[in-house]
Amino acid sequence: MSSLSRSGGVSSRCEAISSPIADDEPPPLCDVATPRRLCSDSWNDWRWQIRHRIRTVQQLVTRFPSLQHASDLSPVMGKYPLAITPYYASLIRRADKTDPIFQMCVPQLAELNDPPFLSSDPLEECHDMPVPGLVHRYPDRALLIATTTCSTYCRHCTRKRVAGTRETTISKRRLEQTVAYLREHPEIHDVIVSGGDPLTLSTEHLEEVLASLRQVPSVQIIRIGTRVPVVLPQRITEDLCAMLRKYHPIWINTHFNHPYEITPESSEACTRLADAGVPLGNQSVLLRGVNDQPQIIEQLCRKLVSIRVRPYYLYQCDLVRGVEHFRTPLSRGIEIMEYLRGRLSGLAIPTFVVDAPHGGGKIPVLPTYVVSQSPTQTVLRNYEGMLIAYPEPQDRIAEPVDAPSDVSAPSVWDLAAGHHSHIKPAQATRLMRREAHCSVGPLPETF
Ligand SMILES: *Cc1c(COP(=O)(O)O)cnc(C)c1O
Ligand code: SF4
C-alpha cells in the first residue's frame with residue numbers, strides 16, 4: 001500500500017482497515033493447467049477455485065504457453081497483484097489482447113504508464129472515512145470495505161490501491177466501530193458492503209457482518225457489491241443463499257462487463273440469488289478494447305435482463321493509476337447511450353455515470369433530448385431524430401414543491417425550486433476581491 005502514502009496524510013487511516021487473513025497459502029502449481037473435465041468435482045467447489053488461482057508469472061505461462069515475455073510482467077504484479085480463478089481463465093478464448101476476458105484479468109506493462117492527472121484514490125474515498133473502511137459520502141448511504149480480497153483481480157479495478165495489495169478482512173473491532181457510527185447516524189438507511197469482494201468471505205464471516213449491520217434499526221437495506229457471480233459463480237451456493245435470505249432486504253450489485261461473461265455457470269449463480277429474493281443489479285465499466293462498442297453493450301444488457309439482472313450503472317473509467325490504457329473518451333459513453341435508447345427497453349438501459357474526481361460522486365451523463373424551450377412549449381427529440389413540441393400546462397403556475405429541511409447547504413435543486421437564489425464558488429477571485437473591499441460603499445458623487 002505504499003502508493004497510499006503519496007495521497008498525503010491519510011495513509012494510516014486507509015491502512016488501518018487491514019488485518020491478517022487466513023487464506024493466502026500459495027496455490028500448488030500442478031493443477032492450474034488441468035483441463036476442467038478432469039476435475040469437475042473440485043472444479044465446482046469454490047474453495048478449490050480460490051486455492052487454485054493463477055497467482056504467479058510461472059503459473060500464468062503454464063496456463064497460457066503462448067505468452068511470451070511474461071516475466072516482464074513481474075514489476076506490474078509487484079505493484080498490482082495477479083489472481084485469476086481457473087473458471088475465469090477458462091473463459092479466455094485467445095491468450096492475447098484481442099480477448100476481452102484476457103484484457104480484464106491478465107496484467108499488462110501499460111499498467112505502469114501513469115499520466116500525472118491520475119491518482120491512487122481519485123474518488124478521495126480516504127477523505128470521506130469517518131471510520132477506517134467506511135466511506136460516508138452521500139447523506140443517506142455509506143459504503144463499507146469489508147475485505148481487500150478478491151478471487152480475481154480486475155486489471156481495471158478502481159480500488160487498485162486496496163484490492164489485493166494485502167489480502168485482509170474486516171476485524172471484529174472495526175465492525176464494532178462501524179456499527180457504533182451507524183447508530184450515531186440514523187440518517188444512513190442503506191449500507192453497501194463492498195471491498196475487495198465481500199463474497200470471498202466465508203459464509204459465517206459474512207453473516208457476522210450482515211448480522212452486525214442488522215442490529216442498527218435505521219439501516220433499511222443492505223447492498224452487496226460483488227464480482228463473484230462473474231469470476232467465481234461456484235461461490236453462490238444454496239448455503240450462501242439460505243444465509244442471505246435471513247437478512248432481507250438484501251440487494252446485490254454485480255459487475256459483468258462483456259457478454260462472454262454470461263455463461264451457464266454465471267447464469268445459474270444469478271438464478272439462485274434471484275430465487276432467494278435478492279434483486280440483482282449490474283455495474284459495468286466502459287473499457288477500451290473490451291466493451292467500448294455500442295453493440296457489445298447492447299448484447300450485454302439484453303443478456304443481463306434475460307438472467308434477471310437489471311443494468312444499473314455504466315461507469316466511465318475512473319482517473320485511477322494503472323488503468324490509463326482502459327480509458328475511453330467521455331463522448332464514447334454518450335454515443336453508446338444514444339445507441340441504446342429506443343433500441344432497448346428502458347429496463348435494460350443502465351445510467352451512464354462519471355464518478356467525479358475530488359469525491360464529487362456519481363454524475364449522470366446523457367445525450368441531450370431537450371432541443372429548445374419557450375414558456376409554452378418544450379421541443380424534444382426522440383432517438384430517431386423526430387422533433388416533438390410538448391405543450392406546457394395552460395395554467396402554468398404549478399404547485400410549489402415542499403420547502404427543504406436545510407437551506408444552509410443549498411443544492412442545485414434548491415435553486416430550481418426557488419428556495420435559494422445562488423450558490424457561490426468558495427474560491428472565485430472576483431468574489432474574494434469583493435470580500436476584501438466590502439467596506440467600499442456606493443460610488444461617491446464626485447470622484
Ligand atoms: C456509488 C457509491 C454509493 C452508492 O451510490 P448509489 O447511486 O446509491 O448506487 C454510496 N457511497 C459511495 C461512496 C459510492 O461510491
Ligand atoms: S472484483 Fe471489484 S474490487 Fe475486486 S479487483 Fe475486481 S473491480 Fe476491484
Side-chain angles (χ1 to χ4, degrees), residues 17 50 53 80-85 88 101 103-107 111 120-131 133-165 167-169 185 187-201 220-233 235 251-257 261 279 281-285 287 290 310-318 320 322-323 326 350-364:
I17 59 174
I50 290 210
R53 294 182 296 172
Y80 307 116
L82 161 73
I84 313 173
T85 57
Y88 197 62
I101 310 289
Q103 283 231 58
M104 285 187 276
C105 64
V106 176
E111 289 174 48
S120 62
D121 180 17
L123 309 182
E124 296 186 0
E125 292 187 322
C126 287
H127 297 271
D128 278 336
M129 284 190 192
V131 172
L134 185 72
V135 186
H136 186 190
R137 165 155 306 153
Y138 298 101
D140 70 329
R141 50 216 195 271
L143 182 148
L144 175 65
I145 298 181
T147 175
T148 62
T149 307
C150 303
S151 61
T152 294
Y153 291 109
C154 309
R155 306 326 295 177
H156 56 272
C157 180
T158 200
R159 294 210 188 96
K160 270 190 150 175
R161 72 184 192 284
V162 175
T165 45
E167 296 201 324
T168 64
T169 55
H185 292 269
E187 72 276 17
I188 299 177
H189 298 312
D190 177 353
V191 176
I192 298 151
V193 182
S194 181
D197 197 322
L199 293 191
T200 58
L201 297 178
Q220 292 166 347
I221 67 170
I222 299 176
R223 281 195 259 176
I224 298 175
T226 174
R227 200 159 198 244
V228 148
V230 185
V231 293
L232 181 64
R235 170 70 184 102
W251 291 59
I252 286 187
N253 272 328
T254 185
H255 176 177
F256 286 93
N257 285 331
E261 293 174 331
N282 187 67
Q283 315 196 113
S284 298
V285 189
L287 300 170
V290 173
R310 166 94 218 256
Y312 178 46
Y313 283 141
L314 174 63
Y315 286 95
Q316 172 72 4
C317 203
D318 290 331
V320 69
V323 306
F326 281 125
T351 304
F352 177 51
V353 291
V354 181
D355 212 336
H358 310 294
K362 298 174 183 75
I363 301 174

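Both ligands and their constituent atoms are indexed starting at 1 by order of listing. Values in this document were obtained by computation on a predicted structure and should not be read as measured data. All residue numbers refer to positions in the sequence shown, counting from 1.
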Taking the side chain as C-beta and beyond, is there a heavy-atom pair between [X] and [Y] under 4.5 Å?
X	Y	value
I145	M129	yes
S151	R235	no
Y153	K160	no

Of the protein's non-hydrogen atoms, which lies at the shortest distance from [atom], and what is that distance?
atom	result
atom 13 (C) of ligand 1	V135 CG1, 3.5 Å
atom 5 (S) of ligand 2	C154 N, 3.2 Å
atom 7 (O) of ligand 1	Y313 OH, 2.5 Å
atom 8 (Fe) of ligand 2	C157 SG, 2.3 Å
atom 1 (S) of ligand 2	R227 CB, 3.6 Å
atom 9 (O) of ligand 1	Y312 OH, 2.6 Å
atom 11 (N) of ligand 1	Y138 CD1, 3.6 Å
atom 4 (Fe) of ligand 2	C150 SG, 2.3 Å
atom 5 (O) of ligand 1	K362 NZ, 3.4 Å

Ligand 1 N/O within reach of R141 N/O, cut-off under 3.5 Å: yes
N or O pair under 3.5 Å between R223 and ligand 1: yes
Close approach of H255 to ligand 2, heavy atoms, under 4.0 angstrom: yes
Distance from [X] atom [atom1] to [Y] atom [atom2], nearest 0.5 Å?
X	Y	atom1	atom2	result
E125	R159	CD	CZ	4.0 Å
I50	T200	CD1	OG1	6.0 Å
M104	H156	CE	NE2	6.5 Å

Donor on one side chain, acceptor on other, H255 and N253, under 3.5 Å: no
Salt-bridge contact D121-R161 (side-chain N to carboxylate O under 4.0 Å): yes
Contact partition for I192 relative to ligand 1, non-hydrogen atoms under 4.0 Å: side chain
Chi angles and distances behind the side chain to side chain donor-acceptor pair (under 3.5 Å) call for N282, T254: CA-CA 5 Å; N282 187 67; T254 185; 4.9 Å; no
